[in-house]
There are 2 protein chains.
Amino acid sequence: MRVIDLEGLEQQLKAHSYKLTRQRRAVLRVLATTDGRLDAARICEDARAECPEIGLTTVYRTLDILADIGALRRLHLPDGCHSYAPASPGHRHHLICVGCGRAVEFEGCDLTALVDSVASKTGFEVEGHWLQLMGRCPECQSKRK
Amino acid sequence: MRVIDLEGLEQQLKAHSYKLTRQRRAVLRVLATTDGRLDAARICEDARAECPEIGLTTVYRTLDILADIGALRRLHLPDGCHSYAPASPGHRHHLICVGCGRAVEFEGCDLTALVDSVASKTGFEVEGHWLQLMGRCPECQSKRK
DNA sequence: CCCCTAATTGAACATGGTTTTCATTTAGTA
DNA sequence: TACTAAATGAAAACCATGTTCAATTAGGGG
């Protein structure tokens, strides 16, 4: 199980002058300690272990905040949108397991050559890109036999 | 206005033994002749010029079929999912205008180095990737002044 | 340390896009 | 032309997400 920096997340919230409520703490803990697929409903369910009265509404609100301040990235999966994965600062992308939904960050994509060539061919101003790798994590590979 | 191969699309449907109905023809024509944003509601609206009785249900069903047989690709935009763009056979990606939603295909991404490096670092079997460029098309650039 | 106030919350309801249901129509074949 | 499975449209169901609003609470000022 991957553990990311729970305190760091709390600091980020405070830095943006958001209050640290029990509900938000619970959501952060789920994000910091899970490695599977994270949609709002699942996060809510897990968060109830620590904070039983939390509602879906609050989960959505918290996810929005975290995405705004860059602590979280929305993933778009083939079957739909809006799973979430914790995001480090900087330019990163995610590698997503098609078996279990686990998301791993990576960096070091270099698309400048591609972007330049496409921009000059089309006349577009390219403002950004969006890249995800899809694959199968080691656990799901062995489960498969 | 980009015009793609309408007859080709019809052939593809027949090749998969789908019937060529008036409704499907209308949807195909919209796909073949538009270059703007294509969500289901807009497609339905446009298709009514040729087939006034077509319903949204049928549009969704037709889009599903076309995505299944690879004639269409679902695009995921920042504000939501599920716009569609006609897809040529082969390995292509789309460059999408954040202003008007127009989508342009391109090819020639070469990610093998990246994929290999990420795969060996993470132990994942990488099965595929998904890349979209976001930018602003020439028209939307001039509109902006 | 406690009060105060603005921020936060949850329940219920609203919304919007997509899917399902089912009786009716139709494309393509015999 | 007749037949049959596929396709259709209207309506209803669905599901994820957003909004409203009265009640609660975090955290700074006193």
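Every chain is numbered from 1, with letters handed out A, B, ... down the list of sequences.
- Across all strands shown, B:T21 has heavy atoms under 4.0 Å from sugar-phosphate atoms exclusively, and none from any base.
- Out of C:dA6, C:dG28, D:dA10, the shortest distance to the side chain of A:K19 is found at C:dA6.
- Along DNA chain C, the nucleotide nearest A:T57 and the nucleotide nearest A:I65 are compared for position; the residue whose nucleotide lies closer to the 5' end is A:I65.
- For D:dA7, one of the phosphate oxygens OP1 or OP2 lies less than 4.0 angstrom from a side-chain nitrogen or oxygen of B:R24.
- Heavy atoms from other residues, nucleotides or ligands lying under 6.0 Å from CZ of B:R29 number 12 at most.
- Five base pairs at each end of the helix from C:dC1-D:dG30 to C:dA30-D:dT1 define two local axes, and these are offset by 30° (rounded to 10°).
- Per the geometry, CZ belonging to B:R74 stands 16 Å off P belonging to C:dG17, to the nearest Å.
- Residues A:L131 and B:L111 form a side-chain contact, since some pair of their non-hydrogen atoms from C-beta on lies under 4.5 Å apart.
- A:L28 is listed as a side-chain neighbour of A:L6, based on a closest heavy-atom distance under 4.5 Å.
- In this structure, A:L66 atom CG and C:dT8 atom P are separated by 12 Å, rounded to whole Å.
- Contacts with DNA chain D (heavy atom under 4.0 Å) in residues 45-55 of chain A: none are found.
- Between the CG atom of A:L63 and the C1' atom of C:dT8 there is a distance of 15 Å, given to the nearest Å.
- Atom CD of residue A:E53 and atom CD of residue A:Q23 lie 5.5 Å apart, to the nearest 0.5 angstrom.
- Note: CG (A:D39) to C1' (D:dA16) measures 10 Å, nearest angstrom.
- In this entry the distance linking CG of B:L38 with P of C:dT18 reads 13 Å, nearest Å.
- Atom CZ of A:R61 sits about 10.0 Å away from atom CG of A:D64, to the nearest 0.5 Å.
- Below 30°, between 30° and 60°, or above 60°: for B:W130 and B:H76 the angle between ring planes is above 60°, a perpendicular geometry.
- For B:K14 and C:dT29, the NZ to C1' distance is 12 Å, given to the nearest whole Å.
- Side-chain atoms of B:Y84 and B:R74 form a donor-acceptor pair, as typed in the model, at a separation below 3.5 Å.
- When the nucleotides D:dG27, C:dG28, C:dT18 are ranked by their closest atom to the side chain of B:Y60, C:dT18 comes out on top.
- At whole-Å resolution of the value, CG in B:L13 and C1' in D:dT8 are 15 Å apart.
- Using modelled atom types, no side-chain atom of B:E50 and backbone atom of B:V30 make a donor-acceptor pair closer than 3.5 Å.
- DNA chain C is contacted by both B:R25 and B:L56; B:L56 maps to the nucleotide lying nearer its 5′ end (nearest heavy atom per residue).
- Using a distance-only test at 3.5 Å, with no hydrogens or angles considered, a donor-acceptor pair links the side chain of B:Q141 to the main chain of A:G123.
- For A:T58, counting side-chain heavy atoms from C-beta on, the closest listed nucleotide (D:dA16, C:dG10, D:dA26) is C:dG10.
- Going from atom OH of A:Y18 over to atom C1' of D:dG27 covers 17 Å, rounded to whole Å.
- A distance-only check finds no donor-acceptor pair linking the side chain of A:R92 to the backbone of A:A87 [under 3.5 Å].
- Positionally, the nearest nucleotide of DNA chain D for A:A40 lies more toward the 5' end than for the other of A:R61 and A:A40.
- Applying the 4.0 Å criterion to OP1 and OP2 of C:dA27, one finds that B:Q23 has every side-chain N and O outside that range.
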